[in-house]
Amino acid sequence: MAVADTLPPNEAERMAAVRRYDILDSPPDGAFDRITALAARRFGVPIAIVSIVDEDRIWFKSHHGLPVKQIDREPGLCASAILGDTPYLIEDARTDPRSLANPLVAGEFGLRFYAAVPLTTSDGHNLGTLCVIDKEPRPVTQAQIEDLKDLASVVMDQLELGLSARQAVGKANLMGKEIDHRVMNSLQFVSGMLTMQSRSPEVGEAANHLRQAANRVAAVAQVHRHFYADTADEVSCIAYLRRLCEDLAGILDREIVIDGDLAMVPATSIQPIGLLTNELVTNAAKHGAGKIEVAFRALAGINRLIVCDEGTGLTPGFDPHSATAGLGMRVITTLVRQLQGTLYAGPRATGRGACFTVEFPAADRVH
């Protein structure tokens, strides 16, 4: 029997439902493995499977008693089982006309018994089956069928739970983007107001402080603008830093040189990295001189963010962790802790200036 002969009339919509649940090729899950183990025990059979019928294959989310992860769709009985809404039962494949020519029955595998219940979504699409298999024929009681139907419902409950979780994360990400967009707009408005106020002749000597405050607020706004430029789970840190520092250079009217490795970092780390870079670069522009150098290094499971200036250097005995440190330095140390990192401060290796280095673990070493 060709694949075309076992296609449901709503196959396109059914496959859209399969994609919606994002279950294909997902890693093993103990919840599904416990269901197949229970189904096998209830029927007294060696094999139980949670199957998902793909376009040209039948993929096994759980395969109790069978060391196979998938088979072609063409010989699979599950492809036939999803054509209806009722349990698909073969008590003795040698006498059942539906299965006599099936390679799983006529071939080396020697299937004799098959019972399956479709995994049906709330909008009526059959994703696959929960099935039990034996190489010996056997009768099926109505009680066993009801148990298999209940277990299939538990499988769908697990799939619905996973779908709901992914949708919740998607909504949270969308809300996060909207919040950051509004925060950025609000910060830009505040920055604009501060800049305008700094031009007023009435403020006198406070004009310079107002301009500095305006620049600082505008810099934070740019950090928020770049948070969601990438939507993947991991992003290129150096690419993010280049975009951010290009904006900061214009705001601070300072040359910023970017250098670094092409390592990826979790998207969840980008916010603290961006805010940390903003604070370090803004401090370098305020207290240092010359160009500002920003570098990102990834070596042996440790990431390093380094920001250096060409100013007069740090004061003797400077301690970034001191209780007397300014607000900006306290913000920096808080962000460093968020990255589970360590902050170092010292003179520039070559020439005048100061360097701040933040070491934090790569993604696979974060606990």
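Owing to the predicted nature of the structure, the values given are computational and were not obtained by experimental measurement.
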Check: [Y] main-chain N/O paired with [X] side-chain donor or acceptor under 3.5 Å:
| X | Y | answer |
| --- | --- | --- |
| Thr120 | Gly124 | no |
| Thr334 | Arg330 | yes |
| Glu279 | Leu276 | no |
| Ser51 | Thr129 | yes |
| Asp72 | Glu74 | no |

For Arg42, enumerate each residue passing the side chain to side chain donor-acceptor pair (under 3.5 Å) test, keeping only those at least two apart in sequence or located in another chain.
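Here the qualifying residues are Asp147.
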Does Ser99 have any side chain to side chain donor-acceptor pair (under 3.5 Å) partners at least two apart in sequence or in another chain, and if so, which?
none
Which heavy atom in [X] sits nearest to a heavy atom in [Y], and how many Å separate them?
| X | Y | value |
| --- | --- | --- |
| Ala31 | Gln158 | CB-OE1, 3.7 Å |
| Arg254 | Ile292 | NH2-CG1, 4.1 Å |
| Gly128 | Ile82 | O-CG2, 3.6 Å |
| Leu89 | Ala115 | CD2-CB, 3.7 Å |
| Val132 | Ala40 | CG1-N, 4.4 Å |
| Arg112 | Arg94 | NE-CD, 3.2 Å |

Answer yes or no: is there a side-chain heavy-atom contact under 4.5 Å between [X] and [Y]?
| X | Y | value |
| --- | --- | --- |
| Leu77 | Ile90 | yes |
| Val265 | Glu234 | no |
| Asn126 | Leu119 | no |
| Pro87 | Lys149 | yes |
| Asn283 | Val281 | no |
| Val18 | Trp59 | no |

Step-by-step side-chain contact (heavy atoms from CB on, under 4.5 Å) determination, Leu305 to Thr277:
CA-CA 8 Å; Leu305 175 66; Thr277 302; 3.5 Å; yes
Linked, directly or transitively: [X] and [Y] (ILVMFWY side chains, under 4.5 Å):
| X | Y | answer |
| --- | --- | --- |
| Val307 | Phe318 | yes |
| Phe360 | Ile306 | no |
| Tyr114 | Val68 | yes |

Partner residues of [X] under the side chain to side chain contact (heavy atoms under 4.5 Å, CB included) criterion, sequence neighbours left out:
| X | answer |
| --- | --- |
| Leu299 | Arg304 |
| Asp261 | Arg297, Ala298 |
| Tyr344 | Thr342, Thr357, Glu359 |

Would you please test Asp259 and Arg242 for salt bridge (charged side-chain N to carboxylate O under 4.0 Å, His left out) and show each step?
CA-CA 9 Å; Asp259 183 37; Arg242 289 187 192 282; 5.3 Å; no
Measuring from [X]:[atom1] to [Y]:[atom2], what's the distance to the nearest 0.5 Å?
| X | Y | atom1 | atom2 | answer |
| --- | --- | --- | --- | --- |
| Leu339 | Asn303 | CG | CG | 9.0 Å |
| Ile71 | Cys78 | CD1 | SG | 6.5 Å |
| His125 | Met15 | NE2 | CE | 12.0 Å |
| Glu136 | Asp92 | CD | CG | 9.5 Å |
| Leu244 | Ile273 | CG | CD1 | 11.0 Å |
| Gln70 | Ile58 | CD | CD1 | 10.0 Å |

What pairs meet the disulfide (SG to SG under 2.5 Å) rule with one or both residues in residues 239-321, with sequence neighbours excluded?
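Every disulfide (SG to SG under 2.5 Å) pair that includes a residue of residues 239-321, provided the two are not neighbours, is Cys308-Cys355.
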Lys/Arg N to Asp/Glu carboxylate O, [X] vs [Y], below 4.0 Å:
| X | Y | result |
| --- | --- | --- |
| Glu293 | Arg348 | yes |
| Glu11 | Arg14 | yes |
| Asp309 | Lys286 | no |
| Arg138 | Asp134 | yes |
| Arg19 | Asp54 | yes |

Do [X] and [Y] get their side chains close enough for a donor-acceptor pair, meaning under 3.5 Å?
| X | Y | result |
| --- | --- | --- |
| Tyr21 | Glu160 | yes |
| Ser26 | Lys61 | yes |
| Asp33 | His64 | no |

Other residues, nucleotides, ligands: >12 heavy atoms within 6.0 Å of Asp123 CG:
yes
Could you check Glu246 against Arg243 for salt bridge (charged side-chain N to carboxylate O under 4.0 Å, His left out), going step by step and ending with a plain yes or no?
CA-CA 5 Å; Glu246 182 179 354; Arg243 293 194 300 267; over 6 Å; no
Over 60° means perpendicular and under 30° means parallel, so classify the ring planes of Phe43 and Phe113, tilted if in between.
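Phe113 and Phe43: tilted rings.
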Verdict with supporting geometry, Val53 and Leu127, side-chain contact (heavy atoms from CB on, under 4.5 Å)
CA-CA 6 Å; Val53 180; Leu127 305 178; over 6 Å; no
Verify side-chain contact (heavy atoms from CB on, under 4.5 Å) between Asn102 and Leu111, making sure each step is shown before the conclusion.
CA-CA 9 Å; Asn102 190 290; Leu111 182 146; over 6 Å; no
Could you walk me through whether Phe109 and Ile133 pass the side-chain contact (heavy atoms from CB on, under 4.5 Å) test, one step at a time?
CA-CA 11 Å; Phe109 184 77; Ile133 296 171; 4.2 Å; yes
